Amino acid sequence: MANVNNGHRQRVRERMLKEGLDGFQDHEILELLLYQSIPRKDTNKIAHKLLLAFGNLSNVINASPKNLMAVDGISQVTACNIAMLKEVWQRCRRQEAEKPELNTLATIVQYARKLIAESYVERLVVVYVDRTTHFIYRDEYLADDKYNVRLDIKKVISTAIRLDASGILLFHCHIGNDCEPSLNDDDCTQKLIYALSGLEIVLLEHIIFNAEGQYYSYFRDGKIDKYIEEYNQKIKR
């Protein structure tokens, strides 16, 4: 009997991985959810009991742990797992609302200043965005000493691929009054653009701040377009 049950559970999991949940009925979704905390019992029957008690899937997810535990077969652990879904969803919604839109130079500079302001060592922040230039994730590199920070291009590429990012923004600060890019800044920016171009990921901007809050924009100065054009010319040869 256990082997039959295990086989059924595996088939349900494989169906979810292949098709998603769109084709699942409410009781099937609950059945799948209950697998995590009820390893041996028939979760199909318990799923139907939950729907009988609360009416639909949404009401089950929104029910309090106390009310969930009033249903036969629902332990404290299972009630906690179900109730936690609502809390996780609410947190995800809050974090989504906090994602800035980085679609103009003004919004990019404003956001970058919050990350870079008043740094006493050189820092570099990599921001990954989606196709609509909404924030996905950011990573930060600190200087090995006060003045030198190294960008790990391989790590940036692997992270962008993992996140399915469409664009990247670089922000970093110079210690002192100079915000003009160094030869090393130019070289690093060019190498990153070349590496990303073959993956259809775009370096949208690289902004350098100085200690006074002034900044240099690679996009505004035309260097990003220049490096992209150079890359396109190289692959045509």
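Here the structure is a predicted model, which means the values were calculated and not measured. Note that these values count all heavy atoms, side chains included, but never hydrogens, waters or copies made by symmetry. Numbers here are sequence positions counted from 1.
When all heavy atoms of Pro65 and Ala79 are compared, the closest pair comes out as O-CB, 3.8 Å. In this structure, Leu57 and Leu51 approach most closely via the heavy-atom pair N-CD2, 3.7 Å. Ile38 approaches Ile46 most closely through the heavy-atom pair CD1-CD1, 3.7 Å. Among all heavy-atom pairs drawn from Tyr111 and Val127, the shortest one is CE2-CG2, 3.9 Å. Closest approach of Val71 to Ala53, counting heavy atoms only: CG2-CB, 3.9 Å. When all heavy atoms of Cys179 and Phe209 are compared, the closest pair comes out as CB-C, 4.1 Å.
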Check your understanding: Given the rule in the side chain to side chain contact (heavy atoms under 4.5 Å, CB included) test, do Asp22 and Phe24 qualify, once you have shown the distances and angles that lead to the verdict?
Key -> CA-CA 6 Å; Asp22 284 349; Phe24 279 59; over 6 Å; no
**Study point:** Intermediate values then yes/no, side chain to side chain donor-acceptor pair (under 3.5 Å), Tyr137 and Arg162
**Key:** CA-CA 11 Å; Tyr137 177 74; Arg162 175 173 58 83; 5.2 Å; no
Review point. Where do Leu105 and Ile207 land on the side chain to side chain contact (heavy atoms under 4.5 Å, CB included) test, with the steps shown first?
Key: CA-CA 10 Å; Leu105 181 59; Ile207 296 178; 4.1 Å; yes
Review point. Are Thr159 and Ile157 close enough, and set up right, to give a side chain to side chain contact (heavy atoms under 4.5 Å, CB included), and what steps lead you there?
Key: CA-CA 5 Å; Thr159 302; Ile157 291 172; over 6 Å; no
Exercise for review: Run the numbers on Tyr35 and Thr43 for side chain to side chain contact (heavy atoms under 4.5 Å, CB included), then give the verdict.
Suggested key: CA-CA 7 Å; Tyr35 291 169; Thr43 58; 3.1 Å; yes
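The side-chain heavy atoms of His174 and Ile208, taken from C-beta on, include a pair separated by under 4.5 Å. Side-chain contact between Phe135 and Tyr128: absent, with no pair of heavy atoms (C-beta onward) separated by less than 4.5 Å. Side-chain contact between Asn62 and Phe54 is absent, with no heavy-atom pair separated by less than 4.5 Å. Contact check for Leu33 versus Leu85: side-chain heavy atoms found under the 4.5 Å cut-off. The closest side-chain heavy-atom distance from Tyr218 to Glu205 is below 4.5 Å. Gln10 has its side chain out of reach of Arg15: every pair of non-hydrogen atoms, C-beta onward, lies at least 4.5 Å apart. Taking 4.5 Å as the limit, every side-chain heavy atom of Val202 sits out of range of all side-chain heavy atoms of Leu196. With contacts defined as side-chain heavy-atom distances shorter than 4.5 Å, the pair Asp164/Arg131 qualifies.
Atom CG of residue Leu102 and atom CG of residue Leu204 lie 9.0 Å apart, to the nearest 0.5 angstrom. Separation of atoms CD (Glu28) and CG (Leu21) is listed at 10.0 Å; rounding is to 0.5 Å. The distance from the CG atom of Asp42 to the NE2 atom of His48 is 9.0 Å, given to the nearest 0.5 Å. Distance NZ/Lys223 to CD/Glu230: 10.5 Å, rounded to 0.5 Å. Separation of atoms NZ (Lys234) and CD (Glu229) is listed at 12.0 Å; rounding is to 0.5 Å. The CZ atom of Arg113 lies 13.0 Å from the CD1 atom of Ile108; values are rounded to the nearest 0.5 Å.
Residues passing the side-chain hydrogen bond (donor to acceptor under 3.5 Å, both in side chains) test with Tyr215 are Arg220, sequence neighbours excluded. Scanning for side-chain hydrogen bond (donor to acceptor under 3.5 Å, both in side chains) contacts around Asp152 gives an empty result, with sequence neighbours left out.
A cation-pi arrangement is not found for Lys191 relative to Tyr227, the charged atom failing to lie both closer than 6.0 Å to the ring centre and inside a 45° cone about the ring normal. In this structure, Arg123 forms no cation-pi arrangement with Tyr141, as its terminal cationic atom is not both closer than 6.0 Å to the ring centre and no more than 45° off the ring axis.
Hydrophobic clustering, with ILVMFWY side chains joined whenever heavy atoms are under 4.5 angstrom apart, keeps Val77 apart from Leu50. Criterion: ILVMFWY side-chain heavy atoms under 4.5 Å apart, direct or through other members. Under it, Leu163 and Ile153 are part of a common hydrophobic cluster. Each of Val60 and Met84 belongs to its own hydrophobic cluster when Ile, Leu, Val, Met, Phe, Trp and Tyr are linked at side-chain heavy-atom distances under 4.5 angstrom.
Remark: the Asp130 side chain and the Thr132 side chain contain an N/O donor-acceptor pair separated by less than 3.5 Å. Remark: the Ser182 side chain and the Asp185 side chain contain an N/O donor-acceptor pair separated by less than 3.5 Å.
Results of the side-chain contact (heavy atoms from CB on, under 4.5 Å) test with Ile74 over Leu34, Asn67, Asn81 single out Leu34 as the only residue that passes. The side-chain contact (heavy atoms from CB on, under 4.5 Å) test with Leu192 is passed by exactly one of Leu151, Ile201, Asp187: Leu151. Each of Arg11, Met16, Arg9 was checked for a side-chain contact (heavy atoms from CB on, under 4.5 Å) with Arg13, and the lone residue meeting it is Arg9.
Summarising the local packing, CD of Gln36 is surrounded by more than 12 heavy atoms from other residues, nucleotides or ligands at distances under 6.0 Å. Under a cut-off of 6.0 angstrom, the local environment of CD in Glu200 is sparse, with at most 12 non-hydrogen atoms contributed by other residues, nucleotides or ligands. With a 6.0 Å radius and a threshold of 12 heavy atoms from other residues, nucleotides or ligands, Leu183 has its CG atom at or below the threshold.
Ring planes of His172 and His206: tilted class, angle from 30 to 60°. Aromatic ring pairs are classed by plane angle as parallel below 30°, tilted from 30° to 60° and perpendicular above 60°; the pair Tyr194 and Tyr231 is tilted.
With respect to Lys226 and Asp221, no salt bridge is recorded, no charged nitrogen being found less than 4.0 Å from a carboxylate O.
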